[in-house]
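This report refers to the structure that appears directly beneath it.
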Amino acid sequence: RKEFVDLYVNYMFNESIRKPFEDFKKGFLRGCPARRWMMFLPVELQILLQGHTKFDWNLLQKNVKYSQYESLDQTIRNFWTVFHKLPEEKKKMFIAFLTGSDQIPGYVLEHFTFTIADPKVENPDELCPSASTCYHILFLPR
């Protein structure tokens, strides 16, 4: 029985997909030559392709720019107080709201920045926060 199971598993996971996988590999390597990826360690390649999955939220706060706000304005202090109390998943949802992706590209974690701007509206209580995902701007009413 063990030999049968071993042979069956080998067939299902290796032999039955060998031709389709070789075709996929050939096409993939045509667009992404493997010799260029060889300089990366597996962990580095994963970060480069998938982006960072762990964040330094204090570094994110440090890198933020402000437009029509100062870092000590009450609205900004309230924003960061609430933000740091959020669970990790909600913080990632905020990144997705701001950028369109819940991950920061692998090559920019230390340099990732966004801007918090005052939308300058007459009645800020009637406006919800919004974002410009292309420019990484959070429009935060006072």
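Remember, predicted model here, so these are calculated numbers, not experimental data.
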Side-chain heavy atoms under 4.5 angstrom apart, residues restricted to Ile, Leu, Val, Met, Phe, Trp, Tyr: same cluster for [X] and [Y]?
X     : Y      : value
Val5  : Phe13  : yes
Leu86 : Phe112 : yes
Ile76 : Ile137 : no
Phe21 : Leu29  : yes

>> Checking Phe4 against Val9 for the side chain to side chain contact (heavy atoms under 4.5 Å, CB included) test, could you report, in this order, the C-alpha distance in whole Å, the side-chain angles of both residues, the deciding distance, and whether it holds?
In response: CA-CA 9 Å; Phe4 173 78; Val9 168; over 6 Å; no
>> Could you check whether Lys19 pairs with Asp23 (Lys NZ or Arg NE/NH1/NH2 to Asp/Glu carboxylate O, under 4.0 Å)?
In response: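 Result for this pair is yes, salt bridge flagged.
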> Does Lys62 pair with Asp56 as a salt bridge, N-O distance under 4.0 Å?
Replying inline: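 No salt bridge links Lys62 with Asp56.
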Where is the tightest heavy-atom contact between [X] and [Y], given as atom of each residue plus distance?
X      : Y      : result
Asn14  : Asn10  : ND2-OD1, 2.6 Å
Gln68  : Lys120 : CG-CE, 3.5 Å
Leu140 : Phe79  : CD2-CB, 4.0 Å
Pro141 : Pro124 : CB-O, 3.6 Å
Tyr66  : Tyr69  : CB-O, 3.3 Å

Reported [atom1]-to-[atom2] distance for the pair [X] and [Y], which is rounded to 0.5 angstrom:
X      : Y      : atom1 : atom2 : value
Arg18  : Lys25  : CZ    : NZ    : 10.5 Å
Ile17  : Met12  : CD1   : CE    : 9.5 Å
Phe139 : Cys128 : CZ    : SG    : 14.5 Å
Trp57  : Phe83  : CH2   : CZ    : 4.5 Å
Glu15  : Leu7   : CD    : CG    : 10.0 Å
Thr115 : Asn63  : OG1   : CG    : 11.0 Å

>> Ring-plane angle category for Phe97 and Phe94, please: parallel below 30°, perpendicular beyond 60°, tilted otherwise.
In response: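 Tilted.
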> Parallel, tilted or perpendicular: which fits the ring planes of Phe24 and Phe28, with parallel below 30° and perpendicular above 60°?
Replying inline: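 If you compare the ring of Phe24 with that of Phe28, the planes turn out parallel.
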> Above 12 or not: heavy atoms from other molecules or residues under 6.0 Å from CD of Glu70?
Replying inline: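 Not buried by this count: 12 neighbours or fewer within 6.0 Å.
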> Taking atom CD of Glu89 as the centre, does the number of heavy atoms from other residues, nucleotides or ligands within less than 6.0 Å exceed 12?
Replying inline: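 Atom CD in Glu89 is not crowded, with 12 or fewer foreign heavy atoms closer than 6.0 Å.
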Does any part of the side chain of [Y], heavy atoms only, come nearer than 4.5 Å to the side chain of [X], both counted from C-beta?
X      : Y      : answer
Leu127 : Pro119 : yes
Ile95  : Leu60  : yes
Thr113 : His136 : no
Val82  : Asn78  : no
Thr99  : Thr133 : no

>> Could you go through Asp6 and Lys2, starting from their C-alpha distance and side-chain angles, then the distance that decides it, and tell me whether this counts as salt bridge (Lys or Arg N to Asp or Glu O under 4.0 Å)?
In response: CA-CA 6 Å; Asp6 289 343; Lys2 182 182 181 331; 2.8 Å; yes
>> Pair Arg142, Asp73 - check side chain to side chain contact (heavy atoms under 4.5 Å, CB included), show working.
In response: CA-CA 9 Å; Arg142 291 189 179 268; Asp73 286 347; 3.7 Å; yes
> Going through the checks in order, is the side chain to side chain contact (heavy atoms under 4.5 Å, CB included) test met by Asn58 and His84?
Replying inline: CA-CA 9 Å; Asn58 292 317; His84 287 298; 3.5 Å; yes
>> With a 3.5 Å distance limit and no angle check, can you tell me whether Glu126 reaches the backbone of Asn123 through a side-chain donor-acceptor pair?
In response: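 Absent.
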